[in-house]
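Let me begin by presenting the structure, written as structure tokens, before commenting on it.
Source: prediction; values computed, not measured.
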Amino acid sequence: MAQYVKLASILFKTAARRGAPDAHDIVLRETARTLDDLKGLGLDLVVFCEGVEAFAQTARQAEQVDRPGPLLNLYSDFARDQRCHVAGSIKLREDGCVYNSIAFFGRDGAVLGRYHKVNLTSYGEIPAGLTSGRDATIVETDIGRLGGIVCFDLNFEDIRRQYRALKPDILVFPSMYHGGFMQQLWAYECRAYFISALPFIGGGILDPFGRPVALTDCYTSVARARVNLDRVMVHLDLNRPKFPEIERKYADRVRIDIPPNLGAALIFSESEGFSAADIVREFELELLDDYFERSLRLNDRNRQPPTRQATAKI
């Protein structure tokens, strides 16, 4: 069934100087004002930039989920008041370690889960005493499966493979680094919506093909979009001849989105009566990942065994 959610990514701007004694209080006030501006918009998920924890907290100011401080309380209060999910950048202390984290809040203001940045920078974060996280993390919410990555994580294939296997609906990316086309790569490889919250324009919401849905710019400090999470991705091979039959039967209740040059399509259910997965079953479509996996198996069987080559004697 169609599952529309309203997403928002916040451009990080601050008057604080990093490391200054008053930076913590300044960023808290700025973040509170930003949250006030978002009230009443009916948002389902708000994502905050890594700049919030980078400027507002030192390692000594890290907060604990079971003993929340001002930043956790700020996120929690907004989530509860607005019945909204929040992905908040924060330094968290757990078991004597401090992590660069994303805290995921549910609509009741409770912490549903947290992701600890796996790949810290060697020049700044590790020398500052932060601890590296271990693995990709999925948080189950009523809007779908959320995953998180932070800044430097974007460069590493291992964690991207972990998320691809976990099949998130939305990946959130609080960062002090843009990442360029790597954002698009992550969105496409993980078949997920991708939300970046950055300290400069050009962050925002990408669809599962890596195409911009809404971005911050010189006029827009909050990128907002309404997206449909009830989708499947299929290859055009073998599936495309069935598309006209699907469209004739369901008309506007199904949307088939075919971008140029990729050889794949997103199929969305726009109906309350059936899901995109139901369309796959009814018309015997093959999902993109299943198609690729089947192709790999066929090619493995089709290859000739390696021939032994005589070892040259010198």
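Salt bridge status for D77 with R80: present, with a side-chain N to carboxylate O gap under 4.0 Å. Between D278 and R281 there is a salt bridge, with a side-chain nitrogen of the basic residue lying less than 4.0 Å from a carboxylate oxygen of the acidic one.
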Candidate pair R160 and D153, rule salt bridge (Lys or Arg N to Asp or Glu O under 4.0 Å), full reasoning: CA-CA 9 Å; R160 187 169 71 247; D153 280 329; over 6 Å; no
Step by step, work out the side chain to side chain contact (heavy atoms under 4.5 Å, CB included) result for L287 and V234. CA-CA 4 Å; L287 297 177; V234 302; 4.2 Å; yes
Does the salt bridge (Lys or Arg N to Asp or Glu O under 4.0 Å) test come out yes or no for K39 and D36, once each step is laid out? CA-CA 5 Å; K39 289 181 177 179; D36 282 341; 3.2 Å; yes
Evaluate the salt bridge (Lys or Arg N to Asp or Glu O under 4.0 Å) criterion for residues E140 and R145: first the C-alpha distance (whole Å), next the side-chain angles of each, then the deciding distance (0.1 Å), finally the verdict. CA-CA 5 Å; E140 299 282 357; R145 294 165 59 80; 2.3 Å; yes
Should T216 and L198 be marked as a side chain to side chain contact (heavy atoms under 4.5 Å, CB included) after you check the CA-CA gap, both sets of side-chain angles, and the distance that decides it? CA-CA 9 Å; T216 59; L198 310 175; over 6 Å; no
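Remark: I246 CD1 to R248 CZ distance equals 10.5 Å, nearest 0.5 Å. Residue I149 holds its CD1 atom at 12.0 Å from OG1 of T137, rounded to the nearest 0.5 Å. In this structure, CZ in F48 is found 11.0 Å from CZ in F12, a value given to the nearest 0.5 Å. Put simply, CG on D207 and CG on L266 are 6.5 Å apart, with the number rounded to the nearest 0.5 Å. Remark: I143 CD1 to R107 CZ distance equals 6.5 Å, nearest 0.5 Å. Note that CG of N228 and OH of Y193 are 6.0 Å apart. Values are rounded to the nearest 0.5 Å.
Hydrophobic clustering, with ILVMFWY side chains joined whenever heavy atoms are under 4.5 angstrom apart, keeps V47 apart from I201. Residues V46 and I102 are members of separate hydrophobic clusters, defined by side-chain heavy-atom contacts under 4.5 angstrom among Ile, Leu, Val, Met, Phe, Trp and Tyr. Hydrophobic clustering keeps I267 apart from V227 (ILVMFWY residues linked when any side-chain heavy atoms are closer than 4.5 Å, directly or through intermediates). V86 and L11 sit in two unconnected hydrophobic clusters of ILVMFWY residues. Membership requires side-chain heavy atoms under 4.5 Å apart, directly or through other members. Two different hydrophobic clusters hold I159 and M176 under the rule that ILVMFWY side chains link at heavy-atom gaps under 4.5 Å.
Inter-residue side-chain proximity for L45 and L146 is flagged as met; some heavy-atom pair is nearer than 4.5 Å. By the 4.5 Å heavy-atom criterion applied to side chains, F173 and M182 are not counted as neighbours.
Counting non-hydrogen atoms of other residues, nucleotides and ligands closer than 6.0 Å to CG of D252 gives a total of 12 or fewer. The local environment of CZ in R161 is sparse, with at most 12 non-hydrogen atoms from other residues, nucleotides or ligands closer than 6.0 Å. No more than 12 heavy atoms of other residues, nucleotides or ligands shown are found within 6.0 angstrom of CZ on R17. By the neighbour-count criterion of 12 heavy atoms within 6.0 Å, atom CZ of R224 is sparsely surrounded, having that number or fewer from other residues, nucleotides or ligands. Within 6.0 Å of CZ in R303 there are more than 12 heavy atoms belonging to other residues, nucleotides or ligands.
Partner of V52 under the side chain to side chain contact (heavy atoms under 4.5 Å, CB included) criterion, out of T31, T34, T14, L74: T31 alone. Applying side chain to side chain contact (heavy atoms under 4.5 Å, CB included) to F152 and the options T121, V118, L120 leaves one that passes, T121.
Side-chain N or O atoms of D230 include none that pairs as donor or acceptor with a backbone N or O of Q3 at under 3.5 Å. Between the side chain of K91 and the main chain of E53, a donor-acceptor pair closer than 3.5 Å is present. Distance alone, capped at 3.5 Å, places no donor-acceptor pair between the Y99 side chain and the Y115 backbone.
Figure legend: R231 and F268 shown without cation-pi pairing, the cationic atom not lying both under 6.0 angstrom from the six-membered ring centre and within 45 degrees of its axis. Under the 6.0 Å distance and 45° angle rule, R191 counts as a cation-pi partner of Y188.
Inspection of the Y291 and N239 side chains reveals no N or O donor paired with an N or O acceptor under 3.5 Å.
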